[in-house]
Amino acid sequence: MEYGKFPAYRPRRMRDGELARNMIRETVLSADDFIYPLFVKPGEGRRDEIASMPGVFQVSLDMLMDEIRELLELGIHYVLLFGIPASKDELGSSAWDEHGIVQEACRIIRAEAPEMYIICDVCMCEYTSHGHCGKLDADGYVNNDDTLQLLANEAVSMAKAGTHMVAPSDMMDGRIGFMRRALDEAGFERVPIMSYSTKYASGFYGPFRDAADSTPSFGDRRAYQMDPANSQEGVREALYDIAEGADMVMVKPALPYLDVLQRVKAETGFPTAAYNVSGEYSMVKAAARNGWIDERRVVLELLCGIKRAGADMIITYHAKDAARWLAE
């Protein structure tokens with residue numbers, strides 16, 4: 001018997017037992033798919049849990065390697081570093097300080113765990129006193145063009161400190177081309193750029209702002225982040241950044257934008273990351289703590305969904321738990 005032009009097919013016979021299921025599984029999730037965000041801060045002996053992100057910590061430099069070793073033992077070989085500086089100013093000048101918090105973290109990881117791949121977030125919001133992603137004009141708007149040089153300074157400083165990759169998250173127009181030229185001129189032609197190319201002005205970032213101490217002191221970031229209603233623009237933004245020299249593009253957040261993720265991957269054919277952001281993480285944690293969902297099952301399902309939609313890499317705070325569950 002045939003169904004149309006296809007022969008009869010009984011996939012249900014292959015769903016009895018894990019080994020049988022693996023033979024026909026279309027999407028396979030592993031610890032190698034994960035990038036784990038790490039927050040580093042000044043001080044000593046600090047491992048402070050973020051109240052709105054249970055299980056995620058801000059760590060001082062002397063505690064950093066404990067985190068790195070745990071990740072490596074779990075099979076996670078990629079970290080995305082965020083810094084909480086000792087001081088902030090209007091320009092966010094500590095972002096490109098030779099001895100800034102992220103720069104020092106890079107040196108420690110390079111020296112003690114060369115097998116860990118370091119990605120540094122490049123943005124000003126953690127470092128500016130006002131919490132916006134660049135230099136402000138007198139009227140309180142971010143000056144796009146003046147901010148480009150500051151971002152380039154930050155990227156070059158992190159490359160000098162030993163990062164393997166930079167990841168600009170600011171969403172300024174033209175920053176990828178500007179940053180690529182700055183890195184090349186400084187002798188870092190081989191440092192790739194993972195662009196936060198398709199980053200939406202989302203309500204899912206709240207817990208991250210607690211983690212990175214980056215809540216804007218006024219207004220919001222809708223002037224330079226994307227309208228959640230726009231899909232085609234998301235693809236265009238990725239194409240612009242690819243044309244300027246990005247080596248990898250990103251969709252952020254992940255879960256509300258799986259349709260955009262699928263389009264970006266399909267229409268660019270480029271390496272694509274997805275950021276499973278703080279609000280997505282915290283919702284799952286809250287529901288699990290209330291006994292409303294099976295955390296393990298839900299986390300692995302949503303991560304599989306992100307990969308199935310087109311993500312080559314997934315930035316996720318669930319990485320440690322997911323890696324443990326996948327190994328069992």
Side-chain angles (χ1 to χ4, degrees), residues 27 29-31 33-39 49-58 71 76 78-82 119 121 123 125-126 167 169 171 194 196-215 220-222 225-231 234 249-265 272-326:
T27 304
L29 197 64
S30 78
D33 296 321
F34 304 145
I35 300 170
Y36 187 68
L38 267 177
F39 300 93
E49 188 172 31
I50 300 157
S52 56
M53 299 176 68
V56 179
F57 299 84
Q58 299 168 335
L71 292 167
I76 300 167
Y78 305 92
V79 290
L80 177 60
L81 293 182
F82 295 92
I119 307 166
D121 179 83
C123 193
C125 61
E126 301 110 292
S169 61
M171 288 297 286
M194 177 171 68
Y196 287 64
S197 59
T198 308
K199 180 179 178 181
Y200 287 88
S202 172
F204 285 90
Y205 301 149
F208 173 88
R209 291 168 183 169
D210 294 338
D213 189 21
S214 62
T215 303
D220 56 40
R221 297 174 179 143
R222 297 183 193 185
Q225 294 178 359
M226 288 181 49
D227 183 344
N230 294 355
S231 173
V249 293
M250 185 197 301
V251 175
K252 178 184 180 182
L255 297 180
Y257 302 97
L258 293 180
D259 60 320
V260 180
L261 172 60
Q262 192 278 331
R263 286 194 63 188
V264 167
K265 180 61 180 178
T272 304
Y275 201 142
N276 177 214
V277 299
S278 60
E280 298 168 335
Y281 171 87
S282 296
M283 287 194 306
V284 171
K285 282 290 184 182
R289 287 192 169 193
N290 278 286
W292 297 336
I293 60 171
D294 178 336
E295 182 178 1
R296 171 177 173 154
R297 183 172 180 178
V298 166
V299 167
L300 294 179
E301 183 177 347
L302 70 84
L303 293 175
C304 182
I306 295 169
K307 185 172 182 182
R308 189 183 64 243
D312 298 291
M313 297 296 294
I314 305 171
I315 304 165
T316 180
Y317 304 95
H318 292 295
K320 290 181 182 179
D321 287 336
R324 290 188 187 97
W325 295 328
L326 289 169

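Since we're looking at a predicted model, the values are computed, not measured.
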> Do you know which two heavy atoms are closest between I76 and A319, and how far apart they sit?
Replying inline: CD1-O, 3.6 Å
> How close do V260 and S231 get, heavy atom to heavy atom, and via which atoms?
Replying inline: CG2-OG, 4.1 Å
> Just how far is it from atom CG of L81 to atom OH of Y36, taken to the nearest 0.5 Å?
Replying inline: 12.0 Å
> Between D227 (side chain) and A229 (backbone), is there a donor-acceptor pair under 3.5 Å?
Replying inline: yes
> For A309, which residues count as a side chain to side chain contact (heavy atoms under 4.5 Å, CB included) partner, sequence neighbours excluded?
Replying inline: L258, L261
> Side-chain contact, heavy-atom cut-off 4.5 Å: S282 with F204?
Replying inline: no
> Only one of K252, M171, M226 clears side-chain contact (heavy atoms from CB on, under 4.5 Å) with T198; which?
Replying inline: M226
> Does Y281 reach the main-chain N or O of P54 with its side chain, forming a donor-acceptor pair under 3.5 Å?
Replying inline: yes
>> Measuring from atom CE of M194 to atom OH of Y78, what distance do you get when rounded to the nearest 0.5 angstrom?
In response: 11.0 Å
> Is the backbone of G55 close enough, under 3.5 Å, to the side chain of E49 for a donor and an acceptor to pair up by distance?
Replying inline: yes
> For the residue pair D121 and F82, what are the closest heavy atoms and their distance?
Replying inline: CG-CE2, 3.2 Å
> Taking all atoms of both residues into account, what is the closest heavy-atom pair of A288 and I293, and its distance?
Replying inline: N-CG1, 3.7 Å
> Hey, is the main chain of M250 close enough, under 3.5 Å, to the side chain of T272 for a donor-acceptor pair?
Replying inline: no
> Can you list the residues that meet the ring-ring contact (aromatic ring centres under 6.0 Å, His included) rule with F34, with sequence neighbours excluded?
Replying inline: none
> Just how far is it from atom CD of E301 to atom CG of L303, taken to the nearest 0.5 Å?
Replying inline: 10.5 Å
>> Tell me every residue that passes side-chain hydrogen bond (donor to acceptor under 3.5 Å, both in side chains) with S52, counting only those two or more places apart in sequence or in another chain.
In response: D210
> Any idea which heavy atoms bring A167 and L80 closest together, and the distance?
Replying inline: CB-CD1, 4.3 Å
> Roughly how far apart are K285 NZ and S278 OG, rounded to 0.5 Å?
Replying inline: 14.0 Å
> Does Y200 use its side chain to pair, donor to acceptor, with the backbone of N230 at less than 3.5 Å?
Replying inline: yes
>> Set out, in order, the CA-CA distance, both residues' side-chain angles and the distance that settles side-chain contact (heavy atoms from CB on, under 4.5 Å) for Q225 and Y196, then state yes or no.
In response: CA-CA 10 Å; Q225 294 178 359; Y196 287 64; over 6 Å; no
> When you measure from the centre of the six-membered ring of Y275, is the NZ or CZ of K199 under 6.0 Å away and within 45° of the axis?
Replying inline: no
> For the atom pair CD1 (I35) and CD1 (I315), what is the distance rounded to the nearest 0.5 Å?
Replying inline: 4.5 Å
> For the side chain of D33 and the backbone of S30, is there at least one donor-acceptor N/O pair under 3.5 Å apart?
Replying inline: yes
> Rounded to the nearest 0.5 Å, how far apart are CG of D321 and CG of L300?
Replying inline: 9.5 Å
>> So which atom in P37 and which in T316 form the shortest heavy-atom distance, rounded to 0.1 Å?
In response: CD-O, 3.5 Å
> For the side chain of E280 and the backbone of L255, is there at least one donor-acceptor N/O pair under 3.5 Å apart?
Replying inline: yes
